[in-house]
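Beneath this line is the structure, given in structure tokens, with notes to follow.
All residue numbers refer to positions in the sequence shown, counting from 1. It should be emphasised that the depicted structure is a prediction, and the values quoted were computed from it without experimental measurement.
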Amino acid sequence: MNIVILLGILVTLVTGIPVLLQMVKTHPKGLMILFFAEMWERFSFYGMRGLLIFFLTQHFLFDDEFASSQYGSYGSLVYLLPLVGGIVADRYIGTRKAIVFGALLLVAGHGLMAYEGRPATQSLTFAGQTYDVRIEGRAEGRTTRLIVGGQPYEYSAEEGGGLAIAGLPAGSPIPSVLPGGSYQMAEDRDDGAVRVFYLALALIIMGVGFLKPNISTIVGQLYPKGDPRRDSGFTLYYYGINLGAFWASVLCGYLGQRYGWNWGFGLAGIGMFLGLVVFVLGKPLLQGKGEAPDPVRLKQPVVGPLNREWLVYLFGLLGVLVVYFVVPNHDLVGTGLIVSTVLALGFIGYMILFKLKDDKVARERMMLATVLIFGSVIFFTLFEQAGSSLNLFADRNVDLSVTSAATSFGPFLLASPAQLAAAGGAGGRIWIDTGITAAQTQSFNAGFILIFAPIFAAMWAGLARNGRDPNPVMKFGLALIQVGLGFLVVVWGVNAGLVNEAFRTPLVMLLFLYLLHTTGELFLSPVGLSEITKLSVASIVSFMMAVWFMASSIAHFVGGQIAAAAGTETVGGQVLDPGAALNSSIESFNMLGWWGVGLGVAFIASSFFIKQWAHGVNNPESEGEKPVPTGFAPTVDGERQVTSPAAIRGERPDPAL
């Protein structure tokens with residue numbers, strides 16, 4: 001049994017039983033359906049996300065630069081498409097049908113991800129002769145050797161960019177040291193498998209676009225207006241999101257890197273299928289919520305026998321084809337985001353300078369919303385290094401063993417697979433695998449949220465009761481400082497010499513990094529989208545929501561580019577020089593860390609001057625209004641839970657603002 005799985009069971013029992021009891025006793029039965037449906041959907045999403053960068057670099061043998069850029073482009077589109085899905089559901093098919101259609105696309109996409117195809121191979125060409133690279137094993141047991149004269153030889157980086165081949169006998173057809181530039185590496189990939197991979201990504205992106213913005217909307221619809229259970233219902237619902245994310249990283253990350261990519265991706269697909277089954281079978285418990293706004297009009301034929309509903313599905317499938325061609329084109333994704341950003345900022349500037357020039361309150365609220373959107377981009381650019389550069393760092397430069405050697409504890413033997421082999425087996429004791437795969441480290445964030453979210457929720461509630469709740473700009477600044485400090489903890493540890501002879505740092509440093517990133521997330525995420533909906537002018541609240549989610553999309557893309565710049569040379573999916581890889585990562589982390597801290601300090605300093613731009617938007621009682629639940633609980637999964645435009649408009653304290 002893997003130690004992370006055991007700890008996960010403990011955390012789930014301690015935190016999950018109170019959640020389950022509360023749902024059963026005090027909330028609508030439909031919440032249970034949505035809880036488990038979204039839990040399994042997030043299980044599938046995060047299971048695939050944790051393995052993606054390794055699948056690209058170790059199965060397809062893409063270099064770090066391309067793989068990180070691909071990860072960024074994928075994440076960018078995943079967070080951009082939900083706005084379209086929300087609008088389509090609002091205007092045409094309703095949230096329930098949008099969820100089912102999105103889930104079907106996701107099941108298909110995750111199913112295709114389980115198709116590996118032939119693993120890519122690599123060869124070295126020197127002086128007109130080609131030599132194959134042999135790749136064997138997985139995760140920490142992965143080995144690569146250069147085949148010369150039918151025999152495998154180890155190799156390493158040579159100073160100046162060359163390649164040193166160890167143990168070559170005299171008279172070998174290739175020298176033991178190849179100068180930089182004297183040889184070429186080439187990859188042979190299964191083109192069919194690559195095409196299937198991009199089709200899978202396109203299906204997942206479009207599926208998330210239809211499902212993600214709509215399922216949380218039904219949660220809000222289960223409760224009558226003013227129902228005091230509504231906010232706690234969202235909190236419980238978000239617990240399910242994080243529970244799914246946690247177990248996805250634990251189980252899919254373990255199976256994918258220990259036993260095969262198809263095991264990890266396949267389990268993610270099974271999770272999505274279970275989510276679909278739960279949602280479909282639980283329809284009667286949804287109380288008729290989430291149906292189309294005009295069912296009669298939806299069923300009327302528009303083009304021949306095709307009605308509006310089937311046209312939506314048809315255009316959704318055509319959208320999959322569009323995404324299929326867009327997602328591997330990183331430059332196109334980047335250009336689209338740049339153009340969209342310029343246009344969005346231009347429109348916001350026009351609104352502030354001209355349309356709202358005579359309305360000081362609305363103008364300054366819009367200015368504050370823009371500041372918060374900028375802070376969000378910075379925070380999530382740093383935070384979303386998790387799936388790319390931090391995942392690669394964990395794989396290459398972190399000692400992922402909890403124990404330093406095989407250790408007996410009663411009837412148990414605590415050891416990693418390598419330590420177990422060195423000890424000559426378990427010797428009749430029960431083996432607890434203390435090795436952690438790099439993909440499993442993605443569970444740290446979700447695990448910390450499960451533990452700390454209730455504590456933070458109580459803290460914010462207590463501060464609010466005493467009138468000491470920090471303003472949103474202050475919270476954003478503190479969040480930025482924490483996400484920056486997370487990187488700096490690793491930098492300072494390495495600079496202090498906490499690195500072994502294999503250029504690996506202790507696991508505890510990565511644990512502290514994710515702890516600080518999680519606490520930073522719990523400062524920023526609960527207030528972000530809620531503030532945007534309250535600060536925006538009513539006539540463009542949906543547009544501002546689109547800009548908010550576009551900011552997340554931008555953060556993923558920029559984060560992918562930063563991770564690409566921090567990449568290092570690999571052969572056979574393994575780094576040539578672990579020391580150089582460590583230095584490259586530390587240089588990148590140092591830059592990211594100080595940018596985070598510096599901008600966080602700037603936000604805190606500016607908060608004393610611009611907090612009044614809110615003009616009491618967070619104090620509706622002072623204007624004679626009743627407090628309106630925002631529907632955004634402090635338990636989130638790092639992606640600022642999406643809701644539909646209609647739901648956002650319905651949560652504003654005063655539509656006249």
Side-chain angles (χ1 to χ4, degrees), residues 1-17 43 46-47 50-51 54 58 135-143 243 245-268 270-271 391 393-448 450-451 493 498-515 574 578:
M1 176 67 76
N2 182 256
I3 192 168
V4 182
I5 296 176
L6 290 175
L7 291 174
I9 293 173
L10 177 62
V11 170
T12 302
L13 290 175
V14 171
T15 61
I17 291 177
F43 180 92
Y46 280 98
L51 291 170
F54 302 122
Q58 297 177 8
I135 304 168
E136 296 178 334
R138 297 182 179 278
E140 70 275 7
R142 185 181 176 90
T143 61
L243 188 64
F246 174 76
W247 280 108
S249 301
V250 171
L251 296 177
C252 297
Y254 180 76
L255 292 176
Q257 290 200 290
R258 282 273 197 269
Y259 298 103
W261 307 114
N262 57 345
W263 283 81
F265 291 132
L267 183 60
I270 292 172
N391 236 355
F393 176 73
D395 184 58
R396 298 164 178 177
N397 294 115
V398 175
D399 183 354
L400 295 172
S401 298
V402 176
T403 53
S404 58
T407 304
S408 296
F409 184 75
F412 303 102
L413 180 68
L414 308 179
S416 67
Q419 294 164 358
L420 179 70
R429 289 161 293 184
I430 302 172
W431 175 45
I432 302 296
D433 180 6
T434 59
I436 299 176
T437 69
Q440 283 184 304
T441 63
Q442 295 294 293
S443 67
F444 293 169
N445 170 241
F448 282 138
L450 294 178
I451 296 169
L498 297 178
V499 183
N500 64 19
E501 65 279 359
F503 299 100
R504 291 184 176 270
T505 64
L507 179 63
V508 68
M509 288 166 53
L510 191 64
L511 198 69
F512 274 119
L513 179 148
Y514 279 115
L515 174 60
Q574 286 190 306

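Counting only distance, with no hydrogens or angles, the side chain of N2 and the backbone of G435 share a donor-acceptor pair below 3.5 Å. For the pair T434 (side chain) and I432 (backbone), a donor-acceptor distance under 3.5 Å is absent. Judged by distance alone, with hydrogens and angles left aside, the side-chain atoms of Q440 form no donor-acceptor pair with the main-chain N or O of V4 at under 3.5 Å.
Considering only heavy atoms from C-beta on, T505 comes within 4.5 Å of F393 through its side chain. For the pair L400/L507, a side-chain contact is recorded, criterion being any heavy-atom separation below 4.5 Å from C-beta on. Within the 4.5 Å cutoff, no side-chain heavy atoms of C252 are placed close to those of Y46. V250 places a side-chain heavy atom less than 4.5 Å from the side chain of I5. Between L515 and L511 there is no side-chain heavy-atom pair separated by less than 4.5 Å. Side chains of Y514 and S443 form no contact here, defined as non-hydrogen atoms less than 4.5 Å apart.
Atom CD1 of residue I3 and atom OG of residue S401 lie 10.5 Å apart, to the nearest 0.5 angstrom. Atoms CG and CD, from L414 and Q419 in turn, are 9.5 Å apart once rounded to the nearest 0.5 Å. Of the inter-residue distances, the one linking W247 atom CH2 with T12 atom OG1 reads 5.0 Å to the nearest 0.5 angstrom. For the atom pair L51 CG and F265 CZ, the distance stands at 5.0 Å (nearest 0.5 Å).
Between T441 and A394 the shortest heavy-atom distance is OG1-CB, 3.9 Å. When all heavy atoms of A439 and Q257 are compared, the pair lying nearest together is N-OE1, 3.0 Å. Closest non-hydrogen pair, R142 versus Q58, comes out as NH2-O, 2.9 Å. When all heavy atoms of A406 and L413 are compared, the closest pair comes out as CB-CD1, 4.1 Å. Taking all atoms of both residues into account, the shortest heavy-atom contact from N391 to F54 is O-CZ, 3.3 Å. Shortest non-hydrogen contact noted between A415 and T403 is CA-OG1, 4.0 Å.
Listed by chain and residue number, D64 satisfy the side-chain hydrogen bond (donor to acceptor under 3.5 Å, both in side chains) test with R396 (two or more places apart in sequence, or in another chain). In this view, D433 and R258 satisfy the salt bridge (Lys or Arg N to Asp or Glu O under 4.0 Å) rule, not counting sequence neighbours.
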Distance-only check: which donor-acceptor pairs under 3.5 Å involve side-chain atoms of residues 420-428, not counting sequence neighbours?
none

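Residue W263 qualifies as open at atom CH2: its count of foreign heavy atoms under 6.0 Å is 12 or below.
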